J.: 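Once you've had a glance at the structure underneath, I'll fire off some questions.
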Amino acid sequence: MARKKIREFDFRRLLKEHFKRLSGKDLPIKSAQITKSTDFNQLVENEPWLSSQKLVVKLDTLFGKRGKNGLVGLNLDFSQVIAFVKERLGKEVEMGGCNGPVTTFIIEPFIPHNEEFYLNIVSKRLGCSISFSECGGIEIEENWDKLYWAI
């Protein structure tokens with residue numbers, strides 16, 4: 001069976017879209033994506049919340065350790081997000097023995113919190129497998145033994 005990872009931005013977009021379709025209710029998910037072709041003026045025009053609150057910007061990639069590699073910016077305003085992205089976009093990074101350029105970022109509202117959780121959903125031919133941990137965030141890989149599976 002083929003397995004295809006998707007970007008965090010796309011997951012949030014799909015979750016919001018299908019949750020509304022299935023339940024008739026809106027999820028208050030806000031996110032925006034930045035690539036080398038992004039027009040920042042157009043982006044803030046399309047997503048006005050970007051200029052009115054503190055933000056998180058992070059590499060929207062298919063592997064972890066973003067925070068440990070300086071690829072997450074917290075509690076930033078939009079001008080700081082632009083500077084953060086411009087400093088990193090196109091740079092080559094190495095993680096887990098793989099090299100590649102930084103091409104895509106995701107921006108979300110900054111929400112102060114004391115703890116993070118981990119959630120992973122894998123769609124399979126006959127259903128989904130879901131894993132969850134109360135030890136999420138930057139240290140998730142050091143806490144794989146605390147991961148709960150629901151099949």
Side-chain angles (χ1 to χ4, degrees), residues 3-23 25-123 128 130-148:
R3 185 172 172 184
K4 175 109 171 104
K5 292 183 176 186
I6 64 171
R7 294 189 182 277
E8 189 173 339
F9 175 80
D10 293 319
F11 166 75
R12 292 173 182 281
R13 182 183 50 79
L14 289 168
L15 178 63
K16 184 175 184 171
E17 176 185 326
H18 292 291
F19 188 85
K20 180 167 183 138
R21 181 180 58 83
L22 295 169
S23 71
K25 297 179 182 176
D26 280 317
L27 283 176
I29 294 174
K30 294 179 184 175
S31 61
Q33 192 175 59
I34 295 177
T35 65
K36 68 179 179 179
S37 63
T38 298
D39 177 329
F40 292 107
N41 293 324
Q42 185 66 50
L43 182 63
V44 81
E45 187 176 311
N46 293 344
E47 305 288 348
W49 57 270
L50 290 170
S51 62
S52 63
Q53 61 190 106
K54 291 296 190 173
L55 305 166
V56 171
V57 60
K58 55 190 169 182
L59 181 65
D60 191 1
T61 188
L62 307 177
F63 52 83
K65 298 188 181 178
R66 298 175 288 191
K68 292 183 177 183
N69 286 284
L71 298 169
V72 176
L74 302 172
N75 202 17
L76 307 176
D77 62 31
F78 192 60
S79 63
Q80 291 171 311
V81 165
I82 293 170
F84 183 93
V85 168
K86 285 184 175 182
E87 183 179 314
R88 292 161 177 81
L89 203 58
K91 299 258 172 146
E92 198 74 22
V93 294
E94 189 266 316
M95 287 190 198
C98 297
N99 291 334
V102 172
T103 62
T104 311
F105 285 88
I106 183 173
I107 310 169
E108 306 166 315
F110 175 72
I111 301 169
H113 55 281
N114 294 324
E115 53 188 351
E116 283 190 68
F117 301 100
Y118 175 82
L119 175 67
N120 181 41
I121 302 170
V122 178
S123 178
C128 294
I130 300 171
S131 56
F132 173 81
S133 176
E134 53 195 28
C135 297
I138 198 168
E139 304 297 335
I140 185 61
E141 292 181 354
E142 288 80 7
N143 289 290
W144 286 131
D145 59 323
K146 297 179 180 167
L147 201 61
Y148 301 101

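In this text, all values refer to a predicted model and were calculated from it rather than measured experimentally.
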J.: Identify the heavy atoms of Lys58 and Val72 that sit nearest to each other, and give their distance.
T.: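 So the minimum-distance heavy-atom pair works out to CB-CG2, 3.8 Å.
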J.: Applying salt bridge (charged side-chain N to carboxylate O under 4.0 Å, His left out), which residue pairs with at least one partner in residues 31-42 are found, sequence neighbours left out?
T.: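 Checked against salt bridge (charged side-chain N to carboxylate O under 4.0 Å, His left out) - neighbours excluded - no pair reaches residues 31-42.
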J.: How long is the span from the CZ atom in Phe84 to the CG atom in Leu59, to the nearest 0.5 Å?
T.: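 These two atoms lie 8.5 Å from each other.
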J.: For Lys30 and Lys16, what are the C-alpha separation, side-chain angles and deciding distance, and is it a side chain to side chain contact (heavy atoms under 4.5 Å, CB included)?
T.: CA-CA 9 Å; Lys30 294 179 184 175; Lys16 184 175 184 171; 5.7 Å; no
J.: Can you tell me how far apart CG (Asp10) and CG (Asp60) are? Round to the nearest 0.5 Å.
T.: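 Going from the CG atom of Asp10 to the CG atom of Asp60 covers 7.0 Å.
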J.: Kindly indicate, with the supporting measurements, whether the criterion side chain to side chain contact (heavy atoms under 4.5 Å, CB included) is fulfilled by Leu76 and Phe110.
T.: CA-CA 8 Å; Leu76 307 176; Phe110 175 72; over 6 Å; no
J.: Which heavy-atom pair separates Val57 from Val85 by the least distance, and what is that distance?
T.: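 Smallest heavy-atom distance, with atoms named: CG2-CG2, 3.8 Å.
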J.: Give me the atom names and distance for the closest heavy-atom approach of Leu50 to Ala32.
T.: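 Closest approach of Leu50 to Ala32, heavy atoms only: CD1-CB, 4.3 Å.
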J.: Give me each pair satisfying side chain to side chain donor-acceptor pair (under 3.5 Å) with a member in residues 94-103, each pair once, sequence neighbours excluded.
T.: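 For residues 94-103: none.
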J.: Please report the interatomic distance CG(Leu43) to CD(Gln33), rounded to the nearest 0.5 Å.
T.: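 CD of Gln33 is found 10.0 Å from CG of Leu43.
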J.: Taking the side chain as every heavy atom from C-beta outward, state whether Glu8 and Glu108 have any pair of such atoms under 4.5 Å apart.
T.: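 They are in contact (side-chain heavy atoms under 4.5 Å apart), so the answer is yes.
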J.: Between Glu87 and Lys91, which heavy-atom pair has the shortest distance, and what is it?
T.: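 In this case the closest contact between Glu87 and Lys91 is O-CE, 3.3 Å.
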J.: State whether the side chain of Arg7 and the backbone N or O of Ile106 hold a donor-acceptor pair below 3.5 Å, judged by distance alone.
T.: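 The answer is no, because no donor-acceptor pair under 3.5 Å joins these two groups.
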J.: I want to check something: taking the side chain as every heavy atom from C-beta on, are Phe78 and Leu55 in contact at a cut-off of under 4.5 Å?
T.: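 Side-chain contact under 4.5 Å: yes.
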J.: Do Val81 and Ile34 come close enough that some side-chain heavy atom pair is under 4.5 Å?
T.: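 Yes, their side chains come closer than 4.5 Å.
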J.: How many angstroms lie between atom OG of Ser52 and atom CD of Glu47, to the nearest 0.5 angstrom?
T.: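 With rounding to 0.5 Å, OG (Ser52) is 11.0 Å from CD (Glu47).
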J.: Do the ring planes of Phe132 and Phe117 sit parallel (below 30°), tilted (30 to 60°) or perpendicular (above 60°)?
T.: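 Aromatic pair Phe132/Phe117 classed parallel.
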J.: For Pro101 and Gly90, which heavy atoms make the closest approach, and how far apart are they?
T.: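 Nearest heavy atoms, Pro101 then Gly90: CB-O, 4.2 Å.
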J.: How long is the gap from CD1 on Ile107 to CZ on Phe9, to the nearest 0.5 Å?
T.: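 It is 10.0 Å, given to the nearest 0.5 Å.
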J.: How far apart are the closest heavy atoms of Lys25 and Phe19, and which atoms are they?
T.: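 What the structure gives for the nearest pair is O-CD2, 3.4 Å.
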